[in-house]
Amino acid sequence: MKERNIPKEWVVSTLSSPERVEVQADIYGNTHYLKRVSEFGYRWLRVIINPTTQPNRVVTVFFDRRIR
């Protein structure tokens with residue numbers, strides 16, 4: 001988040017009210033939360049969580065350019 005200048009509020013908002021949720025069918029079973037951020041030109045913010053750890057761990061956060 002720090003390297004990409006993504007405010008914590010955007011991450012919290014994405015996790016609390018995502019527009020899309022994708023569960024990956026790999027060995028990790030990571031969950032992807034996606035939401036458009038109006039303050040950043042309605043680009044899609046992707047927050048990837050590892051749900052197998054307690055508490056859940058944020059794996060990565062980035063603006064996904066693949067989604068239109």
Checklist entry - For Glu3, does the CD atom have more than 12 heavy-atom neighbours from other residues, nucleotides or ligands under 6.0 Å away? => result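 Not more than 12 within 6.0 Å, no.
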Checklist entry - Can you tell if the side chain of Ile6 reaches within under 4.5 Å of the side chain of Phe63, non-hydrogen atoms only? => result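 When only atoms from C-beta onward are counted, Phe63 and Ile6 do touch, with a gap below 4.5 Å.
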Checklist entry - When hydrophobic residues are tied together by side-chain contacts of less than 4.5 Å, even through go-betweens, does Val37 share a cluster with Leu34? => result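 The answer is no; the residues belong to distinct hydrophobic clusters.
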Checklist entry - Is it the case that one hydrophobic cluster holds both Tyr33 and Met1, taking links as side-chain heavy atoms less than 4.5 Å apart, direct or via other members? => result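 Linked within one cluster.
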Checklist entry - Shortest non-hydrogen contact from Val58 to Val61? => result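 Smallest heavy-atom distance, with atoms named: CG1-CG2, 3.7 Å.
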Listed pairs under 3.5 Å, donor-acceptor, residues 43-52 side chains, sequence neighbours left out:
residue: Arg46; atom: NE; partner: Asp64; partner atom: OD2; Å: 2.7
residue: Arg46; atom: NH1; partner: Glu22; partner atom: OE1; Å: 3.2
residue: Arg46; atom: NH1; partner: His32; partner atom: ND1; Å: 2.8
residue: Arg46; atom: NH2; partner: Asp64; partner atom: OD2; Å: 2.9
residue: Asn50; atom: OD1; partner: Thr52; partner atom: N; Å: 2.9
residue: Asn50; atom: OD1; partner: Thr52; partner atom: OG1; Å: 2.5

May I have the list of side-chain donor-acceptor pairs in residues 7-15 shorter than 3.5 Å, sequence neighbours left out?
residue: Ser13; atom: OG; partner: Lys35; partner atom: NZ; Å: 2.7
residue: Thr14; atom: OG1; partner: Trp10; partner atom: O; Å: 2.8

